[in-house]
Amino acid sequence: MSRKFNFWMVVIIIALSATENSDGKLIMEGSIGLIDGFRTLTNTNKHAYGQAFEEDPLPFKNPIDGTVTSFSITFFFAIVPEHRHKGSHGMAFVISPTRGIPGAFADQYLGIFNDTNNGKSSNHVIAVELDIHKDDEFGDIDDNHVGININGMKSNVSAPAGYYDPNGQFKNLSLISGNLLRVTILYSQKEKQLSVTLSPAEEANIPKRPLLLLSQDLSPYLLEEMYVGFAASTGAVGAIHYMWMWHVSLSLAVPNLDFPIPTFPRYPNADSQVKRIVLVTCLTLAIFVALAASALSLFYYRKHKKVKEVLEEWEIQCGPHRFDYKELFKATKGFKDKQLLGKGGFGQVFKGTLPGSDAEIAVKKISHDSRQGMQEFLAEISTIGRLRHPNLVRLQGYCRYKEELYLVYDFMPNGSLDKYLYRRANQEKLTWGQRFKIIKDVASALCYLHHEWVQIVIHRDIKPANILVDDEMNARLGDFGLAKLYDQGYDPQTSRVAGTIGYIAPELVRSGRATTGTDVYAFGLFMLEVSCGRRLIEPRAEANEVVLVEWTLDRWENGDIIEAANERPSGEHNREQLELVLKLGVLCSHQVAAIRPAMSKVVQILDGDLQLPKNLLDSVKFEKVRMLSETSERFLDVLTSQGSIGTLTFTEPFTSQGR
Ligand SMILES: *[C@@H]1O[C@H](CO)[C@@H](O)[C@H](O)[C@H]1NC(C)=O
Ligand SMILES: *[C@@H]1O[C@H](CO)[C@@H](O)[C@H](O)[C@H]1NC(C)=O
Ligand SMILES: *[C@@H]1O[C@H](CO)[C@@H](O)[C@H](O)[C@H]1NC(C)=O
């Protein structure tokens, strides 16, 4: 890499703070455990500690001017003590310069520090402790407190565990109740303030007034790249520390959460031999009864020529509504051709009306030959089914019958966006205002999937055919996560990746790994397509106009980027918007993933809350020259080996929902 390249890359990353990422792996170490399928930071070992860290570091600090980014961390945990009112020692959320903390001590050190490094400014460790033991040497206030610790076990601020209800009343909470609790940690870069809020998991809204507030500039403590993770320890008395879920974002966005609250197992009891014998006897009996019952029911079903629907364990626990096959069969009039709305690589889509109501639905029928991929995908539906955003097509539920999977969505009478973009004969033209709104709608949905939900959801197949419009021309993103079904068994030899050709980011072809960055790439092209009103590739156009993104860059270099659009909107304001969208489109679909902004930044730019960096064109151009010698050539090889560019798709997910 040349110096110049490095420099520009850095400039853009600062301007847009590109990377937000926590879809990496979790590295677990020490006395960790798994109890009834729940991940724990500690097991029944005494005087032991466990740690769990995200594999990849996060860019907490701008390497040039040293400013720290704002951040928002939410996590859910539960602590089950060995004895009813007693356990030790507690746990902590940690931001650390290393992945995991080597040489840490258990007991009162919570698996974060040891007696030599405790309190040293060279640690660069920021922790939020949930302490269930009173250690006088560290000035602990009680045996049930929350504290913010910088570089040592002595808390800078601490308070008894609890929260302020909407009336401002303080309510006690016990950290060792075994109930799921939520912690929200926010750092505002502007106010230089770190706040910590504890609340019961059932409370939908986090308390307005935080439990802890520390006014302190974190820049001396944070390094450019830091790892985030958790640590917990036990002492003479044990405690199980359950980790449920967490969300890390380099912005102040606090995710909205809605999920069934789990009940955690009690402390594994070693000395209850008697109980165990009773349990084994009961289990044997139960298995016997179950066997007899299933034999009976099998007999019953055979006799009635019925096929039982397979019910997975996770389906019982949580997840979206499960429809009855008979119900869907009736709704779609037996999946008749007349009800067919569209067809694609993922299967067919039927229109239906649920029996006993006027509610119209779209039913996607997915056949899949690889059972393994299906299995993993099924597990993902429980995630997809819980996503809620006005610009996402809502998944109402699903049904699994024989080898087929049926997904039930809200019906969108206006069909998909591609119909409006490449309009035929008498289709009405979209105004610039409508186009801009559609772009903003999709950006906001994608930002939700990437940054605002508990987990990062990658769409994997952004394109006009997957955007549906409602009767008020609001855009809704559909088919999220579906491409994952085809992402299994990636083979670099054949470069088979899920997605649609032309929208697949170059690094995805190389690595086969979809990321938020590969979604941003596709979204950039989508923006160009919607604002210019033409396809990404027009084989019949003049040579320099064939590839839309290159044509746009060409016009930009020529001094008037708006020429790339088929029509110039009237009004100065509209033209400025168009110019912004085109530049942003080129930036998002940049070959170098690090240059693409995160969706949260894209939304801010579209809303006018953030400016595009100056001299953007120079850096974009410079990168273009460099990239031509590397990846893009390989990328083009792949494209051309697939036949005509742009028309061939690897997997063509359901395209038009219109008639
Ligand atoms: C304390 O921790 C530091 C840093 O993690 C480590 O280098 C050191 O060896 C540890 N000291 C002891 C006594 O274990
Ligand atoms: C918090 O602790 C760190 C490390 O001891 C110290 O440098 C800092 O000044 C403390 N801040 C406050 C507000 O007490
Ligand atoms: C909350 O806990 C504190 C300390 O344990 C105790 O003094 C206080 O009475 C408790 N308040 C309520 C409302 O239970």
Side-chain angles (χ1 to χ4, degrees), residues 22 24-33 39-61 63 66 68 71 73 75 77 88-140 146-158 183 185 187 194 196 214 216 218-239 241 243 246 248:
S22 51
K25 269 211 334 255
L26 202 65
I27 309 293
M28 301 196 75
E29 249 184 52
S31 174
I32 53 154
R39 204 176 256 174
T40 70
L41 288 167
T42 52
N43 51 35
T44 51
N45 290 346
K46 301 290 158 66
H47 306 290
Y49 72 82
Q51 296 177 343
F53 274 79
E54 295 261 2
E55 185 180 28
D56 300 321
L58 292 173
F60 272 94
K61 193 177 187 174
V68 167
F71 56 84
I73 288 139
F75 66 89
F77 73 97
S88 63
H89 263 270
M91 58 180 283
F93 169 80
V94 186
I95 303 177
S96 150
T98 47
R99 186 172 61 214
I101 305 179
F105 287 177
D107 296 274
Q108 68 269 36
Y109 289 95
L110 300 183
I112 331 176
F113 298 109
N114 59 36
D115 60 354
T116 24
N117 68 11
N118 182 26
K120 297 260 163 73
S121 62
S122 54
N123 287 337
H124 292 281
V125 169
I126 296 171
V128 171
E129 62 167 38
L130 302 154
D131 201 344
I132 57 176
H133 192 268
K134 185 167 190 276
D135 296 297
D136 294 324
E137 58 175 311
F138 302 139
D140 283 355
V146 184
I148 298 176
N149 298 12
I150 298 178
N151 289 336
M153 289 313 301
K154 216 171 204 151
S155 299
N156 286 64
V157 281
S158 66
V183 171
I185 305 167
Y187 177 69
L194 183 67
V196 177
L214 179 68
Q216 171 112 36
L218 292 187
S219 52
Y221 309 108
L222 289 170
L223 305 180
E224 281 162 32
E225 291 207 321
M226 303 286 282
Y227 293 83
V228 295
F230 299 87
S233 71
T234 58
V237 190
H241 298 86
M243 273 315 307
W246 63 94
V248 177

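All ligand and atom numbering here is 1-based and tracks the order in the structure.
Across S155 and G147, no two heavy atoms sit closer than the pair OG-CA, 4.0 Å.
Among R99, E54, E55, the single residue meeting the side chain to side chain contact (heavy atoms under 4.5 Å, CB included) criterion with Y227 is R99.
Using a 4.5 Å cut-off on side-chain heavy atoms (C-beta onward), I95 and L218 make no contact.
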Measure and list all N/O to N/O distances between ligand 1 and the protein that fall under 3.5 angstrom.
{"unit_1": "ligand 1", "atom_1": "2 (O)", "unit_2": "N114", "atom_2": "ND2", "d": "2.3"}
{"unit_1": "ligand 1", "atom_1": "2 (O)", "unit_2": "N117", "atom_2": "ND2", "d": "3.0"}
{"unit_1": "ligand 1", "atom_1": "5 (O)", "unit_2": "P102", "atom_2": "O", "d": "2.6"}
{"unit_1": "ligand 1", "atom_1": "11 (N)", "unit_2": "N114", "atom_2": "ND2", "d": "2.9"}
{"unit_1": "ligand 1", "atom_1": "11 (N)", "unit_2": "T116", "atom_2": "OG1", "d": "3.2"}

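Atom CD1 in I101 sits 10.0 Å away from atom CG in N114 (nearest 0.5 Å).
Using a 30° and 60° split on the angle between ring planes, F93 and F75 fall in the parallel class, below 30°.
Not counting sequence neighbours, the partners of T42 by the side chain to side chain donor-acceptor pair (under 3.5 Å) test are H241.
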